[in-house]
Undergrad: 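Sending over a structure as C-alpha cells; questions will come in a sec.
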Amino acid sequence: MHYVKQYIKNVLQQEPGDTVTVKGWVKTKRASKGIQFIQLSDGSCFTDLQIVIDASKFEENLLKEISTGCSLLVEGTLVESPAAGQKVELSATDIEIVGSAPVEDYPLQKKGATFEFLREIAHLRCRTNTFGAVNRIRSKASWAIHQFFNERGFHYVNTPIITASDCEGAGEMFYVSNSLAVENGEYKLKNKNPQEDFFAKPAYLTVSGQLEGETLACGLTNVYTFGPTFRAENSNSARHLAEFWMIEPEMAFCNLEGDMALATEFIQYVIKYALDNCSDDIEFFNKRIEPGILETLEHVVNSDFEHVSYTDAIKYLENSGEKFEYPIHWGADLQSEHERWLTEKKIGKPVIVYNYPKEIKAFYMRLNDDNKTVAAMDVLVPKIGEIIGGSQREERHNVLVQRIKEQNLEEEAYWWYLDLRKFGTVPHAGFGLGLERLIMYITGMKNIRDVIPYYRCPRNADF
RNA sequence: UGCCGCAUAGCUCAGCGGUAGAGCAGCUGACUGUUAAUCAGCGGGUCCUAGGUUCGAAUCCUAGUGCGGCAGCCA
C-alpha cells in the first residue's frame with residue numbers, strides 16, 4: 001500500500017466520467033430505502049466528497065457497518081450531482097471498510113461539539129471541520145513563513161532547545177535534568193548538586209532562541225529560527241501556552257525601522273498566502289467562527305500598519321476619556337485593556353508601538369539617544385493583543401555592560417553575547433512572533449489551545 | 001497566581017428543597033436524491049467528590065477536584 005496520491009481535493013476538480021479511488025473517514029451518512037449518501041473526508045480540503053450508494057448493489061451488512069468515523073476505501077465513477085450542494089459526487093462501485101468505528105463508542109457526532117469537549121478528545125478532533133481547517137491553515141502558514149524568509153535570503157538556523165544560560169529573562173523556565181526520578185509516586189533527586197547533573201550545571205528548556213540567533217546573524221547576516229519554545233509561567237489564559245512555536249528573525253546591519261518594516265511585510269505575506277491558498281477554510285471561519293474575519297484579513301494585507309511611539313500612545317490613552325482599570329501614565333507598561341483600546345478603538349487595525357521606556361524592557365534592547373527609551377516595538381492586533389515583540393539590539397559594548405549592571409544581571413554569564421559587541425559589532429534587530437497567535441489571528445479562533453494539535457499548559461500534558 | 005462562573009444521560013442543556021427532564025446522538029422500523037435528511041416508536045443517570053444543614057438535597061452551606069471567562073506573565 002503506497003501513500004495516498006489521489007486526494008479528495010484533486011478528485012473534486014476532476015471531470016464527470018472519471019473512475020477514481022478515494023480513501024478517507026466518514027463524516028456523516030444519510031440513508032433512505034434504496035439510496036445512501038456518505039460525506040467522506042481525507043483532510044485534504046474543507047469540502048467533503050459525497051459518495052452515492054445504490055443500496056441494491058451492496059451487501060446490507062456492509063452498508064450497516066458504515067458509520068460516522070469509520071475509514072473507507074471507495075472506488076467509483078465521478079458523476080455530475082443532480083442535487084444542490086456539490087458539483088460532482090462519487091457513484092460507488094466498490095466499498096471497503098478499512099476500519100469500522102463502533103457507533104455506540106465513537107465520541108464525535110455529526111452535530112456540533114463544544115471546543116471544550118473536543119479538547120478532551122484531541123486525538124480525534126482533527127476530523128472535525130474546524131480542526132481540519134485550523135491544521136491546514138497552520139501547515140500552509142508554516143510553509144509560507146519558510147518561503148517568505150527563503151525568498152529574502154534569510155538562513156534558517158536551529159538554536160538549542162536545551163540551554164544552560166538562563167540569560168533570556170523572558171520568563172519562568174522548565175529545568176532539564178536527569179537527576180529527577182519518580183519513586184513511589186514521588187519525585188526524588190538522584191543528585192542534589194547541579195555539578196553532578198547531566199550538563200554539570202542547571203539547564204533549561206529554551207524560552208527564546210534570540211541570543212543565539214543574534215550570534216548567527218552576526219556572520220550570516222539574515223537568519224531566522226522557527227521552533228518550539230517553552231515557558232513555565234503559571235498562566236491560565238486563552239493566549240498563552242507552556243509550549244508554543246516561535247519564529248525569530250534576526251538581521252545584521254538593520255535598525256528598528258527595518259525591523260518594523262520586516263514585521264509588517266511578514267504578517268502581510270503570510271496572511272495573503274493563507275487567503276490565496278486556504279480560501280475555503282477561511283470562508284468557513286468567516287461564516288462560523290468570526291464573521292468579518294475575511295474582510296479584516298484583506299484589509300490587513302492591503303494597508304500599512306499604524307506606527308505609534310509609546311509616548312504618543314500614552315497621550316492617546318490619557319486623552320481617550322476611557323476609564324481604565326489600570327491607570328495609565330508615562331513609564332507604565334501597557335496593559336491588555338490599553339493595547340485593546342489602541343488597536344481596536346483608536347486605530348482599528350494592527351498597530352506598532354515603539355520606543356518604550358527602558359525600565360520596562362529587556363537589557364538587550366538598544367538605548368535611544370534620549371537615554372530614557374529603548375528601540376523596542378510590539379505589533380498589536382485587534383482581539384489578540386501582542387502578536388510580535390521585537391527590538392533593535394544594543395550593539396555598543398559599554399552601553400550593554402551598563403544595562404546588564406542596571407538590571408542586576410551577571411555580566412560573566414553573557415561573555416559570549418558581549419563578545420559579539422567586541423568583535424565586528426554591528427547594528428542589528430529582530431523580533432519574535434508566536435505562530436499560534438498568528439493562526440488565531442488568521443482563523444478568528446478565540447482560544448490558543450485550539451490552534452495547536454496538542455496543547456501544553458498548567459495541569460495539561462495529555463496525549 | 002488572583003477574581004468570577006460552571007459541573008445533571010454519549011453530547012448540549014433545563015430543573016434550583018418534595019418520585020430525574022428535553023433536544024440531539026444511539027437502537028428498532030418507515031421512506032429512491034439526501035445535504036446537521038425526515039417521520040414513528042424504544043432504551044439510556046453514582047445529578048463531580050467528601051462532609052454538613054434538613055423529615056427530605058441534583059437543588060442550601062463548607063472543603064476539594066476539574067473545566068471555562070477575565071486579569072497578570074508574554075509570543
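Hydrogens, waters and symmetry mates are skipped; everything else that's a heavy atom, side chains included, is used. Numbers restart at 1 for each chain; the letters A, B, ... are given by sequence-line order, proteins then strands. Remember, it's a predicted structure, so these values are computed and weren't measured experimentally.
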Undergrad: Is there a donor on the side chain of A:Glu89 or the base of B:G33 sitting less than 3.5 Å from an acceptor on the other?
TA: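 Per atom types, the contact qualifies.
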
Undergrad: What is the distance, to the nearest angstrom, from the CD atom on A:Glu248 to the P atom on B:C74?
TA: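 From A:Glu248 CD to B:C74 P: 15 Å.
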
Undergrad: To the nearest Å, how far apart are A:Asn234 CG and B:C3 P?
TA: 14 Å

Undergrad: I want to verify a distance call: between B:G72, B:U32, B:A75, whose nearest atom is closest to the A:Arg437 side chain?
TA: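 In terms of side-chain proximity for A:Arg437, the closest of B:G72, B:U32, B:A75 is B:A75.
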
Undergrad: Once the angle between the rings of A:Phe149 and A:Tyr224 is folded into 0 to 90°, is it parallel (under 30°), tilted (30 to 60°) or perpendicular (over 60°)?
TA: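 Parallel.
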
Undergrad: Does a salt bridge link A:Glu337 with A:Arg340, judged by any charged N lying under 4.0 Å from a carboxylate O?
TA: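 Salt bridge flag = no for A:Arg340 with A:Glu337.
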
Undergrad: Starting at the 5' end of RNA chain B and moving along, which residue's nearest nucleotide shows up first, A:Ile35 or A:Ile387?
TA: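 Per heavy-atom nearest nucleotide, the more 5' residue is A:Ile35.
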
Undergrad: Using a strict threshold of under 4.0 Å (side-chain N to carboxylate O), is an ion pair present between A:Asp450 and A:Arg125?
TA: yes

Undergrad: Check if the side chain of A:Gln50 and the base of B:U34 share a donor-acceptor pair of N or O atoms closer than 3.5 Å.
TA: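 Pair found.
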
Undergrad: In whole angstrom, give me the gap between the P atoms of B:G5 and B:A20.
TA: 28 Å

Undergrad: If we take the P atom in both B:U38 and B:C6, what is their distance in whole Å?
TA: 33 Å

Undergrad: Check this for me: does the side-chain of A:Arg231 come within 3.5 Å of the base of B:A75 through a donor and an acceptor?
TA: yes

Undergrad: Considering only the C1' atoms, how many Å lie between B:U12 and B:C67, rounded to the nearest integer?
TA: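 So the two C1' atoms sit 16 Å from each other.
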
Undergrad: How many whole angstroms separate atom CD of A:Glu233 from atom C1' of B:U1?
TA: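 After rounding, the reported distance stands at 11 Å.
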
Undergrad: Rounded to the nearest Å, what distance is computed from the OH atom of residue A:Tyr326 to the C1' atom of nucleotide B:C3?
TA: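 Rounded to the whole Å, the gap is 10 Å.
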
Undergrad: Under 3.5 Å, is there a donor on one side chain and an acceptor on the other for A:Arg231 and A:Thr229?
TA: no

Undergrad: Rounding to a whole Å, what distance do you find between A:Glu172:CD and B:G72:P?
TA: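 About 18 Å, once rounded to whole Å.
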
Undergrad: For atom P, what is the distance between B:G10 and B:G26, given to the nearest Å?
TA: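 So the two P atoms sit 15 Å from each other.
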
Undergrad: If you assign A:Tyr106 and A:Val103 each to the RNA chain B nucleotide with the nearest heavy atom, which residue ends up on the more 5' nucleotide?
TA: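 The 5'-side residue here is A:Tyr106.
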
Undergrad: Using a heavy-atom cut-off of 4.0 Å across all strands, would you classify A:Ser336 as base, sugar-phosphate, or nothing?
TA: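 Touches sugar-phosphate only.
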
Undergrad: So, does A:Thr114 get its side chain near the phosphate of B:U12, meaning an N or O under 4.0 Å from OP1 or OP2?
TA: yes

Undergrad: Salt bridge or not for A:Lys361 and A:Asp378, using N-O below 4.0 Å?
TA: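 So A:Lys361 pairs with A:Asp378 through a salt bridge.
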
Undergrad: Within the modelled atom types, does a donor on one side and an acceptor on the other bring the side chain of A:Arg449 and the base of B:C67 under 3.5 Å apart?
TA: no

Undergrad: Regarding A:Glu116, tell me which of base, sugar-phosphate or nothing describes its non-hydrogen contacts under 4.0 Å with the strands shown.
TA: sugar-phosphate

Undergrad: Taking only the C1' atom of each, what is the distance from B:C11 to B:A36 in whole angstrom?
TA: 14 Å

Undergrad: Give one of base, sugar-phosphate or nothing for A:Arg119, where a contact means two heavy atoms less than 4.0 Å apart.
TA: sugar-phosphate

Undergrad: Would you call A:Phe37 stacked on B:G33, i.e. ring centres under 5.5 Å apart with the planes less than 30° off parallel?
TA: no

Undergrad: How would you list, by chain and number, every residue that makes a ring-ring contact (aromatic ring centres under 6.0 Å, His included) with A:Tyr7, sequence neighbours excluded?
TA: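 So A:Tyr7 forms no ring-ring contact (aromatic ring centres under 6.0 Å, His included) with any residue.
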
Undergrad: Determine the contact category for A:Ser81: base if any of its heavy atoms lies under 4.0 Å from a base atom, sugar-phosphate if only primed atoms, P, OP1 or OP2 are that close, otherwise nothing.
TA: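 The answer is base, as A:Ser81 lies within the cut-off (heavy atoms under 4.0 Å) of a base atom.
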
Undergrad: Could you tell me whether A:Ala83 contacts a base, only the sugar-phosphate backbone, or nothing, with contacts defined as non-hydrogen atoms closer than 4.0 Å?
TA: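 Touches a base.
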
Undergrad: Assign A:Gln335 to base, sugar-phosphate, or nothing according to its heavy-atom contacts below 4.0 angstrom with the strands shown.
TA: sugar-phosphate

Undergrad: Just to verify, what does A:Lys29 make a side-chain contact (heavy atoms from CB on, under 4.5 Å) with, not counting sequence neighbours?
TA: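 Once residues adjacent in sequence are excluded, the partners of A:Lys29 under the side-chain contact (heavy atoms from CB on, under 4.5 Å) criterion are A:Gln36, A:Ile38, A:Ile66.
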
Undergrad: Nearest to the side chain of A:Phe117, which nucleotide is it out of B:C31, B:C11, B:A71?
TA: B:C11

Undergrad: Given atom NZ of A:Lys29 and atom P of B:U38, what is their separation to the nearest angstrom?
TA: 16 Å

Undergrad: Can you tell me how far P in B:U19 sits from the matching atom in B:U62, rounded to whole Å?
TA: 26 Å

Undergrad: Say we look at B:C4 and B:U8: how far apart would their P atoms be, to the nearest angstrom?
TA: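 Roughly 22 Å separates the two P atoms.
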
Undergrad: Taking atom C1' of B:C67 as reference, at what distance in whole Å does atom CG of A:Asn447 sit?
TA: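 In whole Å, B:C67 C1' lies 12 Å from A:Asn447 CG.
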
Undergrad: So what does A:Ala55 hit on the nucleic acid, given a heavy-atom distance under 4.0 Å: a base, only sugar-phosphate, or nothing?
TA: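 A:Ala55: no heavy atom of the nucleic acid under 4.0 Å.
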
Undergrad: Considering every strand and a 4.0 Å limit on heavy-atom distances, what is the contact class for A:Pro107: base, sugar-phosphate, or nothing?
TA: nothing

Undergrad: Side-chain N or O of A:Asn236 less than 4.0 angstrom from OP1 or OP2 on B:A71?
TA: no

Undergrad: A:His338 has an atom NE2; how far is it from atom C1' of B:C70, in whole Å?
TA: 15 Å

Undergrad: Run the salt-bridge test on A:Arg138 and A:Glu436 with the 4.0 Å N-O cut-off and return the result as yes or no.
TA: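 The answer is yes: the pair qualifies as a salt bridge.
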
Undergrad: Which string of ( ) [ ] | and . matches RNA chain B, if you list each base 5' to 3' and count Watson-Crick or G-U pairs only when both distances are under 3.5 Å?
TA: (((((((..((((....[..)))).(((((.......))))).....(((((..]....))))))))))))....

Undergrad: Under 4.0 Å, counting only non-hydrogen atoms across every strand here, what does A:Ile388 touch: a base, just sugar-phosphate, or nothing?
TA: sugar-phosphate

Undergrad: Between A:Glu306 and A:Lys346, is the closest basic N to carboxylate O distance under 4.0 Å?
TA: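 So A:Lys346 does not pair with A:Glu306 through a salt bridge.
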
Undergrad: Return the orientation label for the A:Phe230 and A:Phe174 ring planes: parallel under 30°, perpendicular over 60°, tilted otherwise.
TA: perpendicular

Undergrad: With rounding to the closest Å, how many angstrom separate the C1' atoms on B:U34 and B:U46?
TA: 41 Å

